[in-house]
Each structure stands twice: as C-alpha cells, then as structure tokens.
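Heads up, the thing below is written out as structure tokens.
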Amino acid sequence: MDCFRLHKNRANKDPLFLTGVTFPSEYPASPETLVKLTVYDAKDKSQESSSFLGSATFSVADLLRAKDERLTLSLRSSDGVCTAGTVVVSRLKMGEMEEVDVDHITTDIPSHKCPMVCESASHACIDRENNPLTGPVFKNPVCKVYRFQTVDSKWMLVREQMEECTLSFSVPKQLLSLYIQEDMSRVQDLRELGELSPHWDNLRKEVMTRYGGIISSYQETLAELDKITGRSFKPSCCKAQKSLEFIPINLHTQRMRVTCPRKTDAFYDIVTVGAPAAHFQGFKCGGLQRVLSRYEAEKKSFSTAYQCIYYSPEHTAKAQEVLSTMSLLQPLITSLADQLLQAAQEHSSPGLRDALKNLSDKTEQFVHTLKDELVKSALLALHAARPGYVSKNQKQTPVQGGQHQGHIHQDSDQNQSPVQGLPGHSPTLSVTESTAVCNNVEGSQTTTRGEGGTLPLKHQDSIPHHKEYDEEEWDRVWANVAKCLNCVIAMVDKLQEEDNSKQEPVPDQQLADVITSHNPGDWREQLRPPVTRLKECVMEVVEKAKKAMTFVLLQEAACSIPQGFLLQQRRDVVFSQALAALACGFVMRLYAGMQDKGFLRQLHLVGLVAQFESLLSTYSEEIGMLEDMEVGISDLQRVVFQITEAKTDDLSDLQPLVCGRRDHFTVEVPLPRLVFQTLPEEIKEGKPLRVFPVLFNVGINEQQTIAERFGDISLQERINQRNFEMLEAYYKSLSEKVPLECLPCFQTQTDIKELLETLGQNVVTKKRKNVEILWIAGTICRRLNGIRFTSCKSAKDRTSMSVTLEQCALLRDEHQLSKDFFIRALDCMRREGCRIENVQKNIRCRKYAFNILQLMAFPKCYRPPEGTYGKVDS
C-alpha cells in the first residue's frame with residue numbers, strides 16, 4: 001500500500017523527511033502483518049504529480065523485535081535490483097516524549113520548510129480512543145504531529161487533530177422539524193380564531209397561504225437532507241446550494257495537544273466555521289441587520305396599506321412569549337393539580353405541602369405572565385374584528401392630525417394599548433358603565449352599565465369601545481385563577497388543621513364526633529371541586545389569551561407581507577448555521593471539562609462565553625454576510641443547554657437534541673450514566689446552562705483596504721464596541737459569582753482586567769486592520785474557560801491563517817517555542833498541517849485561494865508560505 005509521499009527538497013544534498021502511518025481500526029495490525037512502503041518524489045503536491053523512487057517491505061514483528069523498535073530498510077526500484085536510498089521505520093508511542101538528537105535537524109534546511117512533521121491517517125487518533133464521549137458527535141479525524149525545539153533546547157511534541165461534527169446536519173434537521181411544527185401550529189391557531197369580518201378573514205387567508213408556502217419549502221429541504229447519508233460537513237463550494245442552506249459551511253473542530261518533558265499535557269480547542277449567512281438568498285439588499293432596520297421602519301406604512309394594527313417589536317415579542325409560556329405552564333399546572341389530588345388520596349401531609357408549593361409557584365408564574373395590558377387590548381381588537389362590528393361604520397374612515405387609520409405609534413409606553421382606528425370604527429366611540437367588583441370565584445356576577453357617566457380609562461383616546469363588549473370580562477377571568485388557587489390553599493390548610501387537631505388528646509365523645517364528621521379518606525373528595533375549578537379557569541384563560549395573542553401575530557404577519565416572511569426565512573437559515581456551530585463548540589468544551597470541577601461550577605453558576613472571531617471585510621457582499629452573522633450570533637442568546645442522562649450508552653442515544661420554538665430553544669446534551677453521575681447536583685437536576693455569545697470582527701483582505709480608505713467601517717466598529725461591553729459585563733458577573741481559582745492557569749500572568757482594558761482601548765482606537773482586537777479577545781476567551789470560534793466566508797483560507805497563527809502564538813507564549821522556530825513552525829502548519837487538509841477536503845486542491853496582489857494587503861503574519869496559494873475556485 002502507499003503509505004506516504006516524499007517532498008524532495010533539491011536545495012539540500014542530504015534531506016530528512018518524516019511521515020507517520022497509522023493502521024485503520026477496520027484493519028487491525030498483528031505481528032504477522034506485512035507492510036509495504038512505497039516512496040514517491042512529489043515535485044508539486046498540489047498538482048498530484050509524482051515519480052516512483054522505490055519500495056520496501058517488512059512485518060510488524062520485525063519492527064517490534066528490532067533494537068529500539070527501529071528498522072533501517074533499503075528502498076528497491078521497480079525491478080527489485082537498484083537501491084534508491086534508505087528509509088527508517090520506528091514505532092512512535094503517542095503521548096510519550098521521544099528523545100531526539102539535535103543532529104536530526106540540519107541547519108541548512110530553509111526556513112520555510114518544517115524540520116519535523118509526522119502525518120497520521122484519518123482513522124485512528126488517540127483522543128478518540130481514550131475518550132468514548134467523542135464518538136457520537138465527532139468523526140473523520142485528521143491528525144498531524146510535529147516536533148519543535150524550545151528555548152532551552154528541549155523538544156516538544158505537538159499534535160493537531162481536526163474533525164468533522166455530526167451536528168452540522170443533525171441540528172439543522174431538528175430545527176427544520178421544529179420550524180415546521182411551530183408554523184403548522186400557528187396556522188391551526190389562526191383557524192381557531194373563529195369567524196372574522198371579511199376584511200380580517202381575507203388577511204387571515206393570505207397569511208395562512210404564506211405560512212403554507214414556508215412549511216412546504218421547509219418540508220422539501222428536510223426531505224432532501226434526509227437523503228444525505230454519511231456526510232458530516234458542507235464544503236465551501238456548496239455554500240449557495242439551496243438544499244444545504246441551513247447547514248453551516250465547513251464546520252470543523254480543531255485541537256492542538258502539546259506534550260513537553262516533565263510537564264502535563266495541554267490542549268487548545270477551536271471551532272472553525274464559515275460565517276453564518278444566507279448565501280442562497282444573496283446580499284443584494286444587504287444582510288439581516290440592515291434589512292431588519294429597514295423592515296421595522298417600513299412596517300408602519302404596510303399596516304396602513306393593509307388596514308392592520310401596528311404592533312411594535314416589543315409587543316410582538318411579548319405575544320410570542322405569552323404563547324410559549326402558556327404552552328409550557330398549562331399542562332404543567334394540570335399535572336401538578338393531579339399530583340395534589342394524589343397526595344390527598346394518600347393522606348400524605350408532606351406530599352400535600354410539596355405538591356401545593358409547586359402548584360402555587362407555577363400558577364403564580366402563569367398569572368404574572370398574563371398580567372399585561374397587551375392581552376386585554378388584543379381581546380378588544382379581536383372582538384372588534386368579528387362580523388357585524390366592521391360593517392356598521394365601514395364607510396367612516398377619518399384621518400385626522402396626519403395620523404393614518406389602522407396605525408399607531410408605540411414609542412412612549414410599552415404597555416400602551418396598540419389598538420386604534422380599527423377598520424370600520426371611529427376611535428372616539430366609548431362605552432358608559434360603572435364598575436362592580438366580583439368576589440365570586442365562579443364569576444357569575446356581571447358588570448352593570450349606566451348611562452350617566454363615562455368610565456375613566458387609561459388609554460381611552462386610543463381604544464375603540466363597543467356597548468356589546470364587556471371590558472371587565474378578561475379581568476374577571478384572569479383574576480379567577482388566583483382566586484381558585486387561594487381556595488385550593490385554604491382547603492389544604494383546613495385539611496391539615498383538622499389532621500393536626502386529631503393528633504391532640506380529646507374526650508372520647510368529642511373524638512367520635514370528629515371521626516364521624518371528617519373521614520380521613522375524603523381529603524381527595526374535598527379537594528376535588530376547587531382543584532377542578534382551578535384547572536377550568538386556567539383553561540378558560542389559556543383559550544382567551546391564546547386567541548388574543550394569535551390575533552396580535554396575525555396583525556404582525558399581515559402588515560409585513562411578503563417582506564416579513566422572507567425575512568423570517570433568512571433569519572431561520574442564519575440561526576440554524578449559528579446554532580449548529582454553537583452546539584458543536586459547547587459539546588466539545590463540555591467533554592474537555594468533565595474532570596474540571598472549577599469549570600463545571602462556572603458552567604452552572606454563570607454560564608460560558610462563546611467568542612466568535614470573524615475576518616470578514618466591510619465591503620461588497622461580505623458586509624451583507626457580516627450583517628447576517630451579527631444577527632445570527634445575537635439570536636443565540638435565546639438558547640440554553642441542559643445536560644441529561646442518556647437512556648443507554650448507545651451512540652444514537654448520545655446525540656444532542658433540540659427542542660423549543662423560535663423565541664426560545666433548549667439543546668439537551670445526553671451523557672452516559674456513569675459520566676452523568678459525576679456532575680454537580682445543579683446540573684444533574686436539569687438547570688438551564690447559559691451561553692453568552694460575543695462577536696469581534698476585523699477584516700484583513702484587500703477589500704477591507706478599500707473599505708478603510710474609501711468606504712465605511714462603522715458596522716465593524718459598532719459590533720466590536722457593543723460586544724466588548726457584553727464581554728466586560730460577563731466578566732463582572734463571573735467575578736462576582738465564581739472564585740478566580742476556577743479559571744484555568746496560563747504561563748502569561750496578565751490580569752484579565754488588564755486584558756479587558758487593553759481590548760477596550762483597541763476597540764476605540766482608529767487603526768487599520770487592528771488584528772490585536774482578535775488576539776486579545778481570543779486570549780480573554782481562553783482565560784475565561786470560553787468556547788473559541790473562528791470564521792471567514794468559507795472557513796478555509798483566512799481562517800486557516802488565523803488558526804495556525806494562534807496555535808504558534810500559544811506554543812511561543814505557553815510552551816517556550818524557540819523564536820528561531822516560530823516562523824518555521826507557522827509555515828510548517830500552513831504547508832503540511834490540518835488546515836491544508838481542510839482546503840483539500842473543500843475544493844479538491846491543496847492551495848489557499850489567495851493571489852499575490854491580495855496577500856500584499858494582508859498583515860504579514862496572515863500570509864501563507866510560497867507555493868501554498870494560487871487562483872482556485874473556492
């Protein structure tokens with residue numbers, strides 16, 4: 001078999017080359033195994049041109065019996081006669097330090113050529129063998145091994161390991177299913193709104209048609225993805241392919257492990273991914289950030305054109321939050337109410353108290369969620385949209401004071417009722433009534449109406465009133481939930497008091513009376529009526545509030561046709577890519593920190609920072625990509641993680657699961673039972689684990705040069721300033737809740753506060769291509785136990801330059817890499833390391849997509865070595 005290829009350096013009369021070989025797990029080696037080595041002279045590896053030099057054969061037993069487990073073999077030509085040189089085969093034990101003579105490194109090796117590099121096949125990597133956790137998520141590893149000299153003339157062993165991640169496809173597929181489910185539920189809610197006037201009914205039909213189009217499109221995409229098997233990443237050449245638009249571009253993990261004499265091994269992780277962006281939809285109109293700003297400005301005029309009510313983004317978000325919270329709390333309250341009845345049947349006072357406490361907490365949360373003027377005003381708007389109320393005054397369309405009918409401004413008060421000028425109604429109509437307080441839990445009393453005066457209303461000038469509509473009805477229905485809960489609490493207190501009184505000594509006759517009048521077995525029967533009434537009231541509130549919030553979202557959807565639906569699709573695509581990358585990084589960081597108690601404490605007390613480094617320019621299409629990426633990374637704040645115990649240790653049961661809806665997602669990460677049992681109790685109990693995403697961008701290519709000299713870089717400046725403030729706030733929260741001893745130790749002892757101050761100064765400094773922002777932000781992230789991400793358009797060219805630079809900087813700063821070796825190590829990683837393999841995987845060519853003119857605009861430390869770049873399709 002072909003085991004390795006030789007890159008011959010003709011400038012050196014006695015060159016030394018090193019290549020590693022591993023045996024695939026499906027072909028295990030035994031002492032009888034014969035290995036044939038075939039050596040080629042590859043003049044230009046990128047063009048796959050090579051000539052045969054010679055071959056040699058040996059058995060594994062020969063290698064194991066040899067002195068120092070090292071064989072020297074003669075290479076024979078194809079006719080088996082001529083000797084073409086020698087090859088030395090040795091057994092390398094990964095993780096152990098080999099003693100290497102300095103003479104093995106010749107001083108006349110050019111600086112651009114790496115002196116020592118071992119190459120491992122993609123089938124066997126040590127981390128995967130020792131850590132069963134990586135199996136379900138990470139696959140197809142590529143390993144490269146180097147030996148570099150330290151400042152004290154010792155040798156360090158450095159191993160790069162790059163892997164694909166199954167979450168590249170599994171997370172987007174799960175999200176698509178959730179999107180479809182949520183939109184189908186939204187369509188069903190619209191159907192259940194009941195009969196509407198012709199105007200509103202036509203809008204509803206149009207909105208449902210739009211939802212149907214999205215559902216159909218997502219179902220087709222999901223079906224296409226289900227056809228793909230065995231694939232774990234999307235190559236950069238497919239970035240604009242529609243069927244793969246939800247899949248992150250070129251998502252890989254990379255770990256650098258460093259072994260030094262008499263020191264504990266250290267490893268450094270990073271996730272590389274193409275910038276989350278909607279490439280298929282394009283960037284002609286900009287990215288999400290720009291389109292969203294324009295959309296909100298234009299939505300008010302859309303609401304006038306469609307005779308809709310304008311709701312601010314805050315009101316829309318509140319409506320979605322109410323719907324989401326109700327869908328979670330209503331079944332939970334019902335379940336807790338049944339648990340309370342079960343505890344009553346068992347005559348268990350402790351069980352009764354615990355069940356009542358849980359029921360009270362969730363019911364109070366439910367009541368608090370619905371304590372919002374938006375629900376009440378939306379019910380009124382829905383009532384006004386029923387048939388008979390639109391047609392009565394449909395011809396009256398007053399426009400006064402420059403204010404359009406069907407449209408109001410919501411800038412002054414978030415709780416202000418957003419109902420005004422409904423189609424067919426004058427906003428000056430009012431109802432006269434006097435208030436009556438209803439203390440009856442059953443709500444049988446009704447409000448009496450008078451004719452003499454007008455009820456003072458907080459927003460009387462903006463709410464249309466109708467004599468047929470009882471505005472106090474919602475207040476009564478909503479308040480009945482709390483009243484029913486009080487009745488349940490009172491009944492439980494009564495039962496427990498009676499139970500306690502029976503524990504006290506009493507005369508025989510009196511005891512007999514107590515037993516006769518209060519049978520212990522009737523606790524459940526006494527509790528059943530108030531508990532049943534509570535469940536009924538909760539259901540009644542849910543029914544009304546659900547219709548009200550659905551009507552709010554109907555207005556939102558109707559006044560944004562078709563732009564709003566296209567915008568939502570773009571946001572879904574970008575978020576899917578961002579979440580897949582985040583889930584990959586979180587799982588990688590979790591697996592690495594399972595034995596670190598300080599990390600686990602930080603994880604559940606505060607959460608982790610996820611630092612995204614972007615190298616996009618602020619010019620042409622890439623500014624649209626950056627605008628997409630900014631919103632996508634910001635939307636990750638709606639995500640929490642939970643650690644769960646896997647049902648079995650089978651790989652399929654260890655795959656992370658996504659649940660929730662667009663306003664809030666939870667990623668569940670299952671762990672094997674034995675591993676799960678070692679976690680802190682807070683994590684085992686299912687505490688939501690937060691992630692704080694931050695984004696820093698510095699463009700480095702020739703397009704950024706144009707932007708800095710003739711264009712606009714305000715987007716980059718705003719992103720960096722805003723995310724610096726977020727990172728600073730995270731550190732403040734972390735320092736208040738977690739001891740500094742929980743954070744990792746580094747050789748460079750610069751205080752994190754000092755690093756933050758330096759970062760803040762760099763963010764506000766007007767300096768072209770200030771890549772120090774990225775370096776300092778990355779350092780802070782690692783010091784804070786965070787998750788590191790690096791991105792450019794396709795995560796293969798500029799990203800490769802950044803990753804290799806960061807790795808060599810870590811070797812220099814943390815492991816005393818000799819200064820004389822820094823550039824040689826950097827060029828070696830770029831020429832022979834995992835990143836050039838990543839390029840090969842993406843475009844079938846071992847060249848970075850740069851030309852000489854582009855590289856002249858790059859900072860020097862981001863330029864690849866000669867012979868590794870050229871014009872290629874990326």
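In this text, all values refer to a predicted model and were calculated from it rather than measured experimentally.
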Whether Tyr218 and Tyr179 hold their rings parallel, tilted or perpendicular, with breakpoints at 30° and 60°: tilted

Shortest non-hydrogen contact between Tyr731 and Lys753, atoms and distance: CE2-CG, 3.7 Å

Atom of Val606, atom of Phe692 and distance for their closest heavy-atom approach: O-CE1, 3.1 Å

Residue pair Val258 / Leu811: nearest heavy atoms and the distance that separates them: CG2-CD2, 3.6 Å

Any donor-acceptor N or O pair under 3.5 Å, side chains Tyr146, Glu160: yes

Short side-chain to backbone donor-acceptor contact, Arg798 and Leu615, under 3.5 Å: yes

Arg835 CZ to Met162 CE distance, which is reported to the nearest 0.5 Å: 6.0 Å

Atom of Leu244, atom of Ile228 and distance for their closest heavy-atom approach: CD2-CD1, 3.7 Å

Pairing residues for Tyr848 by the ring-ring contact (aromatic ring centres under 6.0 Å, His included) criterion, not counting sequence neighbours: none

Check: Asn785 side chain, Phe599 main-chain N or O, donor-acceptor pair, under 3.5 Å: no

Straight-line distance of Phe641 CZ to Arg589 CZ, nearest 0.5 Å: 13.5 Å

Heavy-atom pair of closest approach, residues Val171 and Ala583: CG2-CB, 4.2 Å

Within 6.0 Å of NZ in Lys242, more than 12 heavy atoms from elsewhere: yes

Backbone N/O of Glu832 and side chain of Lys144: donor-acceptor pair under 3.5 Å: yes

Plane angle bin for Tyr591 and Phe138 - parallel if under 30°, tilted between 30 and 60°, otherwise perpendicular: perpendicular

Distance, nearest 0.5 Å, that separates SG of Cys143 from CZ of Arg159: 5.5 Å

Stacked cation flag Arg824 on Phe821, 6.0 angstrom / 45 deg: yes

